[in-house]
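Everything on this sheet refers to the single structure shown next.
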Amino acid sequence: MNKFTAQKSNADDARRNIPSVDAVINKSGNLIDRWGHQRVTLVTRNILNDVRTKLVLDNSDLVSVEFLVEEVERTLNAADKSSFKEIINLTGTVLHTNFGRAVLPREAIDAINRVAESPTNLEYDLSNAGRGERDDHVEQLVCELVGSEAATIVNNNAAALLLVLNTLAENGEIPVSRGELVEIGGSFRIPDIMQRSGCSLVEIGATNRTHLKDYSQAINSRTSLLMKVHTSNFKIEGFTAEVKEKELAQLAKKEGIPFVCDVGSGNIIDLSQYGLPKESMVGDAIQNGADVVTFSGDKLLGGPQSGIIAGRKDLIDRIRCNPLKRALRPDKITLAALSEVLKLYRSPEKLVDALPTLRFLVRNVDEIMQQADSIKIIIEKLLPPIYSVKTESCLSQIGSGALPIENIPSFGIAITAKKDSDLRALLKALRLLPRPVIGRLNDKKLLLDLRCLDCEDHFINQIKKIRDLLE
Ligand SMILES: *Cc1c(COP(=O)(O)O)cnc(C)c1O
């Protein structure tokens, strides 16, 4: 008998000794209570198949019923884990698109729970038992805060722009300044959205300078509206000229066509009252004569992902009647959260405490510095000595294209290692934590900007687990 056949007959023996599906199921009472007979049987069968295949390859004896029951439980638990993880954002970017942008205030979270748990009057008018309009839950609030006649809500600002352009400009031409043909976050480009809306873009002016006469010369009988896009994620400096909203509004009025502003980040209050750079407000565009404005609900506004369209009632009514609105409308959860966020804006002096986005943005650098000092001492003890830990001043960003060139002074922890591979290992270990910690790597240094660190204990509890992941 050669070596191969000897091994093979051992494997055959081992396979004969594999417990049956029933034998495993009989010992899996508590698993069946939790996951049901069908699911447990399926997983057990798959695991036994794997074991059988494995036994052909190597002659191991890991086939006790107890081992198999444990294996079934491990598999079921792993499959039930959510792919979503709460992370600790220490990148210094307050509104990070990849991290889901704004963290919602308590009031919004409670409202989400209420409407999720029960049927609601989303589109039902309780006063006359008739059909209601889902925008009713937020329209008045938006109008009050930005000074518009009417408003409607869709799933994000890209959808808002698509819907506005498709309603007001399909088959028409729109002159847009070359300085405003922006790309926002990789997949969103103004020219692409315009094309998909069914309108033709007429590029006018130069990247750095566009004048009123560029607009008036481009207008013809096919021109359906005038548009201005707030170039929210870059700034052109130097020899520049752009046409003011007021002038564009006047020109549009003279031509009898609407003037649309994509104001992007959706700032509805004066941020300079909190010591932040002054950013133009949605209400300013309306005051300057914009007939329709669009902005995001989850950028500076600090709410759920949504796109807000505000403006003249006759135009909003047309926008609402577009069949595409049905495809772009938000659900009750978004509307419930957005309505609570908007309500908070009625009390500007309470906003910093109530709205996480604003709270992070206005955190005082001295306070962050003190936090960094105390955390540094703890982290230093928890990390292996190959890492050097310092505190360091740094610059946070608002993110999501809001105030792109304005950085906010902040403070953080800077970690370095002699070997690049050690630093990479640390970055990886931080990502593998139960609550992953994401910092930013710059110039061979890992920087943990503490601006958005809401709960210090969470963070320290995570770092306590880092050594196991580094080994
Ligand atoms: C962010 C942004 C958008 C896209 O908004 P989303 O809500 O991400 O869809 C469109 N226009 C401008 C000017 C923006 O800043």
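Heads up: numbering here begins at 1 and tracks the sequence. Start at 1 and go down the list; that is how both ligands and their atoms are numbered. Model, not experiment: these values are computed from the prediction.
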**Study point:** Of the listed options R189, K299, E180, K228, closest to atom 14 (C) of ligand 1 (non-hydrogen atoms)
**Key:** K299

Criterion side-chain contact (heavy atoms from CB on, under 4.5 Å) against [X], the qualifying member of [options]:
X: I308; options: V146, I268, L301; value: L301
X: P330; options: L335, V138, L338; value: L335
X: I88; options: D454, L453, L430, I463; value: L453

Under 4.0 Å from any heavy atom of [X], which atoms of ligand 1 are there?
X: R101; value: 6 (P), 7 (O), 8 (O)
X: D262; value: 10 (C), 11 (N), 12 (C), 13 (C)
X: H230; value: 13 (C)
X: S296; value: 5 (O), 6 (P), 7 (O)

Check your understanding: Any nitrogen or oxygen of N157, main chain or side chain, under 3.5 Å from a nitrogen or oxygen of ligand 1?
Key -> yes

Review point. Is there at least one pair of N or O atoms, one from A158 and one from ligand 1, spaced under 3.5 Å apart?
Key: yes

Exercise for review: Would you sort out whether D214 and R178 count as a salt bridge (Lys or Arg N to Asp or Glu O under 4.0 Å), showing the intermediate values?
Suggested key: CA-CA 11 Å; D214 294 320; R178 290 196 168 87; over 6 Å; no

Exercise for review: Carefully, step by step, assess E340 and K343 under the rule salt bridge (Lys or Arg N to Asp or Glu O under 4.0 Å).
Suggested key: CA-CA 5 Å; E340 294 307 316; K343 277 187 218 162; 3.1 Å; yes

Practice item. Indicate yes or no: does E123 engage R134 in a salt bridge with an N to O separation below 4.0 Å. Key: yes

